[in-house]
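Reckoned from all heavy atoms, side chains included, excluding hydrogens, waters and symmetry mates.
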Amino acid sequence: MKFFLLLSVIGFCWAQYAPHTKTGRTSIVHLFEWRWFDIALECERYLAPKGFGGVQISPPNENVVITDPSRPWWERYQPVSYKLCTRSGNESEFKDMVTRCNNVGVRIYVDAVINHMTGSGVSAGTSSTCGSYFNPGTRDFPAVPYSGWDFNDGKCKTGNGEFKSYNVAYQVRDCRLLGLLDLALEKDYVRSTIAEYLNRLIDIGVAGFRIDACKHMWPGDIKAILDKLHNLNTSWFPEGSRPFIYQEVIDLGGETITSSEYFGNGLVTEFKYGAKLGTVLRKWSGEKMAYLKNWGEGWGFMPSDRALVFVDNHDNQRGHGAGGASILTFWDARLYKMGVGFMLAHPYGFTRVMSSYHWPRYFENGKDVNDWIGPPNNNGVIKEVTINPDTTCGNGWVCEHRWRQIRNMVIFRNVVNGQPFTNWWDNGSNQVAFGRGNKGFIVFNNDDWALSATLQTGLPAGTYCDVISGDKIGANCTGIEINVSCDGNAYFSISNSAEDPFIAIHTESKL
Ligand code: AAO
């Protein structure tokens, strides 16, 4: 008995699968490249009142300053040290953000870049966000400190230090990704140094980590680092809480390294999700929404309780990473809202919403030549996220998470949390509907003709406000109203030319 108790305590302690969001909050948002000051405000003025569970932030540690091209977003994926000092803010601004967000029940998840340091070809000097000296050529990062001993140069056997094939696991993990100096994660010094960085963040109050480039690290090395991490700060989290972990592994199938190798450490990004959903909504490759009936594991995705899901991310919305042309983004707003709406209504996975900035996208030979452009800025200084009178964002920030359709579906997901997937209906083509127990119901029309159908919603009788076309404000609805009769049926009519060809109702949108 005692033995089993001990085992279950250990099991609990090492559970890195719980996001520690406040009860009833089920989604997080990636505020890509935002300043800490703006995130703190956003937690208080928007995310907490609208039921968001947490924020994935851009890497908070010191990075190289790239001037050619001028301050690309991706310079933040080239660490110089673990000082909390970037274009998003300094250490005191970071602490202020974490405290203020936690105080309103919104969690902070840090993008942890621990696989590597800067590119090997970057010049030595102090061109870094905190002015720390570094010399990639001699492998010298004194502000950490790391030296030649701490990199995998000797371990990689490909000749030029880069991996040559995604199908040779040891190359992918022991050699360089994109020329980035690969840390020797089997060394206890390197593991401890990284753990010390992450522990500083945990002690400040972050709830967990998105771990970058996990495919390029041995799962056992990641585990060794995670084993060194503190429990979460008890000012905000129950004693014994472990940091939430989600690992970036791009597994679209066809490579030797698979997502499942990483399940022991925490959740894993499911890149098939956005790639397939985009293909379906674009009706490419003969796909149709009717096929979404068994969406999830039925489509060959990883188990739902290991999946971190998203329609697009900061890489594949601009052609980096993977997923290809099918990925839906704010550039295809109408389909994008449907995609995010579907994701947030469907029970599969732990959901992350993307929040972007505008950039002058420009294609040459099918490639966006401006895919590097960083966030809105004045001479390199990131611009404030201003809020317009209609609650959208200004200054070049897209703020998809503030779009009514997306924000209201985040609330929908909270309302239907824990409810089963029920009452599926389809027309054999691109008109589909499903419910979540007796709490919510959603209907899509992605066909080129009108939808007109009486469907079983599973909801109690009454009049409901469609949260896609409007909002319930007091006893009124600013959008379409749906009447559910005593038997749970309701009539739906959605024009194929509707601004948003989908309707969603839930028990808290009942009038
Ligand atoms: C920059 C410059 C480089 C320069 C380097 C060093 O752009 O030219 O060499 O600096 O000086 C980001 C940017 C990079 C940037 C880097 C550092 O995206 O452009 O490099 O910062 O500043 C792989 C990794 C994955 C990674 C992704 C970008 O596995 O971990 O590449 N994502 C993360 C971050 C990302 C960041 C880094 C890692 C580095 O999210 O923002 O890079 O910290 C295949 C593989 C994938 C592989 C992709 C892309 O995908 O499976 O593992 O991702 O290729 O190379 C089909 C296949 C699919 C395949 C895909 C690719 O769809 O089915 O499997 O094609 O076309």
Side-chain angles (χ1 to χ4, degrees), residues 15-32 34 36 38-58 97-112 201-202 204-211 232-233 235-238 241-248 266-270 273 304-314 340-355 399-403 405-419 436 439-440 467 506 508:
Q16 290 160 156
Y17 309 101
H20 305 295
T21 47
K22 209 174 145 186
T23 312
R25 297 190 190 173
T26 57
S27 299
I28 64 173
V29 55
H30 182 194
L31 297 180
F32 178 48
W34 282 41
W36 309 150
D38 289 326
I39 294 179
L41 283 173
E42 190 70 352
C43 286
E44 295 167 343
R45 70 188 168 199
Y46 200 85
L47 301 177
K50 301 300 182 194
F52 284 80
V55 182
Q56 177 183 314
I57 61 165
S58 285
M97 165 185 72
V98 173
T99 302
R100 287 166 61 189
C101 290
N102 271 330
N103 284 347
V104 293
V106 179
R107 306 310 181 203
I108 297 294
Y109 305 95
V110 167
D111 194 345
L201 300 171
I202 289 171
I204 290 170
V206 310
F209 303 97
R210 172 226 187 233
I211 306 185
L232 298 185
N233 186 319
S235 310
W236 297 289
F237 303 95
S241 302
R242 297 300 295 161
F244 178 50
I245 300 297
Y246 55 104
Q247 302 158 93
E248 189 231 10
L267 269 58
V268 181
T269 50
E270 179 50 278
Y273 195 100
S304 176
D305 62 359
R306 289 294 175 270
L308 188 289
V309 298
F310 45 95
V311 173
D312 62 331
N313 80 348
H314 73 280
V340 177
F342 184 89
M343 172 181 83
L344 292 170
H346 195 280
Y348 181 86
F350 186 69
T351 46
R352 179 180 65 194
V353 171
M354 179 68 200
S355 189
C399 291
E400 296 92 315
H401 70 287
R402 279 176 170 257
W403 294 3
Q405 301 83 344
I406 292 178
R407 168 243 295 164
N408 283 348
M409 285 308 297
V410 168
I411 295 171
F412 180 108
R413 190 174 192 78
N414 291 344
V415 172
V416 304
N417 187 25
Q419 295 290 315
R436 296 292 304 277
K439 297 277 191 189
V467 298
H506 57 73
E508 286 179 19

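Of the possible polar contacts, one joining the Ser304 side chain to the Gly349 backbone as a donor-acceptor pair under 3.5 Å is found. Checking side-chain atoms of Arg413 against main-chain N and O of Thr351 turns up no donor-acceptor pair under 3.5 Å. Within the 3.5 Å criterion, the main-chain N or O of Ala345 finds a donor-acceptor partner in the side chain of Arg436. In this structure, Asn417 contributes its side chain and Thr26 its backbone to no donor-acceptor pair below 3.5 Å. Judged by distance alone, with hydrogens and angles left aside, the side-chain atoms of Arg100 form no donor-acceptor pair with the main-chain N or O of Ile39 at under 3.5 Å. At least one donor-acceptor pair under 3.5 Å links the side chain of Asn408 to the backbone N or O of Val467.
Across every non-hydrogen atom of Pro238 and Ser241, the tightest pair is O-OG, 2.6 Å. When all heavy atoms of Pro49 and Cys43 are compared, the closest pair comes out as CD-O, 4.0 Å. Of all the heavy atoms in Phe209 and Ala112, the pair that sits closest is CD2-CB, 4.2 Å. Across every non-hydrogen atom of Ala207 and His20, the tightest pair is O-CD2, 4.0 Å. Contact between Gly205 and Phe237 at its shortest, heavy atoms only, is O-CE1, 3.6 Å.
Between the CZ atom of Arg45 and the CG atom of Asp38 there is a distance of 6.5 Å, given to the nearest 0.5 Å. A distance of 6.0 Å separates OH of Tyr273 from CZ of Phe342, quoted to the nearest 0.5 Å. Between Arg107 atom CZ and Phe244 atom CZ the span is 13.0 Å, to the nearest 0.5 Å. Here the CZ-CG distance, from Arg210 to Asn313, works out to 7.0 Å after rounding to the nearest 0.5 Å. Distance check, rounded to the nearest 0.5 Å: OG of Ser27 to CD1 of Ile406 gives 11.0 Å. In this structure, CD on Gln56 lies 8.0 Å from NE2 on His314, to the nearest 0.5 angstrom.
Remark: Lys50 is positioned above the aromatic ring of Tyr46, its terminal NZ or CZ atom under 6.0 angstrom from the ring centre and at most 45 degrees off the axis.
For the pair Arg25/Val106, a side-chain contact is recorded, criterion being any heavy-atom separation below 4.5 Å from C-beta on. Inter-residue side-chain proximity for Ile202 and Asn233 is flagged as unmet; no heavy-atom pair is nearer than 4.5 Å. Side-chain contact between Trp34 and Cys399 is present, with heavy atoms from C-beta onward closer than 4.5 Å. Two residues are said to be in side-chain contact when any heavy atoms from C-beta on lie closer than 4.5 Å; Arg306 and Tyr17 meet this criterion. Side chains of His401 and Leu31 form a contact here, defined as non-hydrogen atoms less than 4.5 Å apart. Counting heavy atoms from C-beta outward, Ile108 and Asn102 have side chains that stay 4.5 Å or more apart. Looking at Asn103 and Trp236, their side chains come closer than 4.5 Å, going by heavy atoms from C-beta outward.
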If you apply the rule side-chain contact (heavy atoms from CB on, under 4.5 Å), what do you find for Met354 with His30, and how did you get there?
CA-CA 5 Å; Met354 179 68 200; His30 182 194; 3.8 Å; yes

Please step through side-chain contact (heavy atoms from CB on, under 4.5 Å) for the pair Trp36 and Ile57, ending with a clear verdict.
CA-CA 9 Å; Trp36 309 150; Ile57 61 165; 3.7 Å; yes

Show your working on side-chain contact (heavy atoms from CB on, under 4.5 Å) between Phe350 and Ile28 and close with a plain yes or no.
CA-CA 9 Å; Phe350 186 69; Ile28 64 173; 3.9 Å; yes

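Proximity of the aromatic rings of Phe310 and Tyr246 is defined here by a centroid distance below 6.0 angstrom, and this criterion is not met.
Side-chain contact check for Ser58 and Asp111: no donor-acceptor pair (N or O, by modelled atom type) lies under 3.5 Å.
Screening Thr269, Val268, Leu308, Leu267 for a side-chain contact (heavy atoms from CB on, under 4.5 Å) involving Gln247 leaves a single residue, Val268.
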